[in-house]
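Below: the structure, in structure tokens.
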Amino acid sequence: PEITLCQIKNSDYHFEYTECDVLGSRWRVAIPNKADTCTGLPDPVKGTQCTFSCSEGEFLDMRSQKCQKCAAGTYSLGTGVAFDEWDSLPTAHHSFSAVNIFCSSTWTPKGDYVASNMDECTATLSYAVSLKKPGTVFFEYFYPDNSIYFEFFVQNDQCQSTASASRWMKISEKDWSQHTVELNKGNNVLYWRTTTYTVLDSAVKPVLLRNIAISGVAYTSECFHCKPGTHSTKPGSARCAPCPADTYSTKGATVCHQCEQGKYSEAGSGSCKPRPPCTNSDYFYTHTPCDSEGKTQLMYKWIEPKICNETIEGAVVLPASGEKKTCPPCNPGFFVTNSSNCEPCTSGFYSNGTACTECPVGTEPVVGFEYKWWNTIPTIPLLTCALFNLFLFVMTAWEVAGEYVYTTPGDQDTDYLMLILNVPGYSLPQSTVKDRERSELSRITFVFETICSADCKLFFLAGYNEWNNNIVERWNGSNRKQSYSYLIQSNSTVTFAWTFQRTGKFNTERKYSADVAKIYSIYITNVVGGVASQCRRCAVSSGKADSACVPCPAGHYMVNRTGECKSCPPNTFIKAQHPVGQAACIQCGPNTIRNKAYSSCLSDCTLDMQTRGGTLLRYDFSPLSNVTGFNSSPRFTSKGLRYFQHFRVGLCGKEGQVPATCVDNVTESGREVRGYVCQSTVVPSEIRSQSIVSSQPFLIGDSLIGVTTDTTLGGISSPHGLFPATSGLPDVIFYYKSSETTQACKEGRSATIRLRCSPTVTAKDHITMPSNCSEGTCDGCSFHFLWQSQHACPLCTKNHYKEIVSACIQGIQRTTYVWQQPLQCYGGESLPAQKVSACVPLDLWLKFGVSTGSIAAVLLVGLSCYFWKKTRKLQYKYSKLKMTTGGKECELPTADSCAIMEGEDAEDDLMDLTKKSFFTKMKSFSREFQQVSLKTDCGCELILFIVKDLDLRREF
């Protein structure tokens, strides 16, 4: 063919490096920019090493093959390339291409980003790059719509793609998402692919892509110009800085220029726009928090950033702020504080927005959140406002207006103005416990209104967090004031959002700032941690621990379905949190008393016990009340490791006594149990400085059943055979029960502790276990222990000692007190001291007794003689009287016949009584007389003495 000679210019060709050889070397060759064949191109020369690279802000000058700093107004990444300007798809030496299969739409440059298609097609954006060393690709994307499948993958020179699991992009939550993928050395083709499908007539939000940066190219042969709206002031810049608001710059600028008077620009703008005259749509109003006087001020504010001009003809001015108005009342469930703020009522109270009132007994608060007055954006629950558009400018999106909350003008008409409500969860009220399956978990109801002049949309969304919501309902255009209700069926639905967009058209100026959405009230029921505006009767018969039903005071139970509280009988306690019926009152066991909280029974370590013989025994176990620990006999594992079963006992004590505690110091949980009796497995350490290892703690007894000498109590027995008694004094037994149940111990574990009096045992931890159950239990559920101590003996009284009185020696007598043996008491009364008293000797008392007896005998004889003589005289007088009556009945003799004749006494004295001895005469006298009692017809009784002896008769 014919060769055409031409003049070669520097602009007709560019330099490139050849592929690196095995030695890491390469050649620089000239490549014509046009396909025309020309001669005179520079000859190939040896190039730099393949590992050569330039720093950030530098580029490789291919003519000199040296790194040069980028000029002002340009930037360089050094070993990478970046694409942050999308006025068009990059061409020149970069192989960007956009392909759409079977459709006309494709990826479209939008200045700061490139947007995917929005029709039902598949669009692909690709870029081919050859890396001299391993590198990365970094890009930012905004992927808000799950109606589009968005994937990114890389193919090498063998057309092998990246793993399919990591190629699918995640939905963007609230901001531009970032993605980085490692690239291999060699040829790499990057693919961004979107596949769109639409649902009914819903609009699709495109995927946006920006700030693509690729590293590993080893060098860049040129610097990139700063895009409009950015600048670099110094040579050697690695990036360009955006221009501030009200300034602008052109492409490759070194400085930002101030906008002219009457014009404005946003931050990062490449040009300025005329300021339009201010209208009523360019400002909004809000309310200040209530002051101490209960007043709020109406405040007017320009929409930021302010772009309008209020000084030109036809413009409106900002209304004056500061007008005071009466604050609206607090929302239901809240009350007004002294500073006129609204605070939520505490649990168990309700309010209508003024003051909190406690729910009556037998009712429960109807909890939830009801907002119908809007003086401030509520902070309980987390109720926030957010505004974002495709570039995510976050600012206040909703403002309060007393009776409603409304959308602010925003930054652009395409902004999404969001009001977000977060709740912690839901709980059905106790009143619906019987109809739980048919009851509503929760329901949210709100009243709203939209006033629009364009294609505005209001979305109501629900989901598990504020950025992963599903659209529940959507309203287009203007809508009159109406109510909408949504049934919540899952506890995972805890976030709700109201999103308002004035128009969906991109790149439009702000024309519809007057379009507004208003929400008048929001009410959501059964919210955990909510407030109450009323109370309702609850299902008190359930008595569940987690019930919100207002309980009766301590020591009272509730009468079924009446809400009336009655006091439990004396010395009873209540286990249930919401006791219903008198059956909830449990009688304390023998010799125990209830605590102040009416929740359990306890022993104050004192005991009065009546024996079968009627003797009162008093005990005081206070010296044994401290928590005591003891071990079982040692055990060994199959590998010879020694371990013990360690027990801890808190026998008794007053309220507030420190309980026995067993811990687990092996696992990270550090579990510990507390009660009267507990057990853990311990492994002693052979090193003195190290503590023992304790594990597997569990409770044996967390409640005291009773204290008695009986061997059975509350279904728990303590047989005599486990610990045979050696004395007649009965053992005092403490009975304990545990509420923890296991598969083996379905009724829970129990423990009995026998206190046995041993006056000689001074130790306070002499606790033994049954000989046939060396670990304290034979079945793993019932534990038995014997505690021997002198403090387990009854207190000593006067009945436990006796007195010994000595003989009277030289007028002194000693009284000594000694304990009765065997001694079965301790403490209490002590032995009295020896007593010394004066006394009289025995021989003096003997002399006095003999003398007194002699005198008494003489007096007795004299008296006997006197009365005998008197009797004889009376006998004689009676005989004389009888003879003078003449035998007439019922006739007494005259006074003369009854008189004693003169000389009778002398005659009587001459009676022949001297012939016999005194004792003989007395004996014969009683034998010779016979008394005869005769009754006459007139009712008189005569007593006759018949004289048997003839001589005596003759004397009479």
Side-chain angles (χ1 to χ4, degrees), residues 798 802-817 834-956:
K798 294 181 180 180
K802 60 183 179 180
E803 62 180 17
I804 300 176
V805 182
S806 66
C808 184
I809 302 175
Q810 296 180 355
I812 297 177
Q813 190 174 45
R814 302 179 186 274
T815 303
T816 305
Y817 300 89
Q834 187 184 57
K835 293 182 179 180
V836 179
S837 58
C839 61
V840 180
L842 182 60
D843 53 354
L844 180 62
W845 285 107
L846 182 59
K847 294 177 182 179
F848 176 77
V850 172
S851 301
T852 304
S854 301
I855 295 173
V858 172
L859 290 175
L860 181 61
V861 172
L863 288 174
S864 299
C865 294
Y866 173 75
F867 285 112
W868 175 79
K869 185 176 181 180
K870 283 290 185 181
T871 302
R872 292 294 301 271
K873 287 182 180 181
L874 289 175
Q875 288 176 350
Y876 173 75
K877 290 178 180 180
Y878 177 76
S879 299
K880 295 287 289 182
L881 179 63
K882 180 65 177 176
M883 289 187 291
T884 59
T885 59
K888 295 180 181 181
E889 296 181 355
C890 300
E891 184 178 348
L892 295 175
T894 62
D896 296 338
S897 62
C898 291
I900 299 176
M901 298 300 180
E902 184 179 357
E904 284 184 351
D905 291 339
E907 184 180 354
D908 293 341
D909 294 337
L910 297 177
M911 290 175 60
D912 188 13
L913 298 175
T914 59
K915 296 180 179 180
K916 301 179 181 179
S917 65
F918 176 76
F919 291 104
T920 305
K921 289 182 179 181
M922 289 294 293
K923 182 177 180 181
S924 62
F925 179 79
S926 61
R927 185 172 57 249
E928 295 300 333
F929 283 86
Q930 181 178 1
Q931 180 179 341
V932 179
S933 178
L934 299 176
K935 288 187 178 181
T936 63
D937 294 339
C938 63
C940 298
E941 183 177 3
L942 297 177
I943 301 175
L944 301 180
F945 290 91
I946 302 173
V947 183
K948 296 180 182 180
D949 186 82
L950 183 59
D951 297 332
L952 184 60
R953 189 183 306 155
R954 187 182 301 115
E955 293 179 6
F956 277 99

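Owing to the predicted nature of the structure, the values given are computational and were not obtained by experimental measurement.
Among residues two or more places apart in sequence or in another chain, the side-chain contact (heavy atoms from CB on, under 4.5 Å) test is passed with V836 by I812, R814. Scored by the side chain to side chain donor-acceptor pair (under 3.5 Å) test, T816 finds Q834 as partners (sequence neighbours excluded). Looking at residues two or more places apart in sequence or on another chain, you find no side chain to side chain donor-acceptor pair (under 3.5 Å) involving K798. Legend: residues meeting side chain to side chain donor-acceptor pair (under 3.5 Å) with Q813, ordered by chain and number and at least two apart, are absent.
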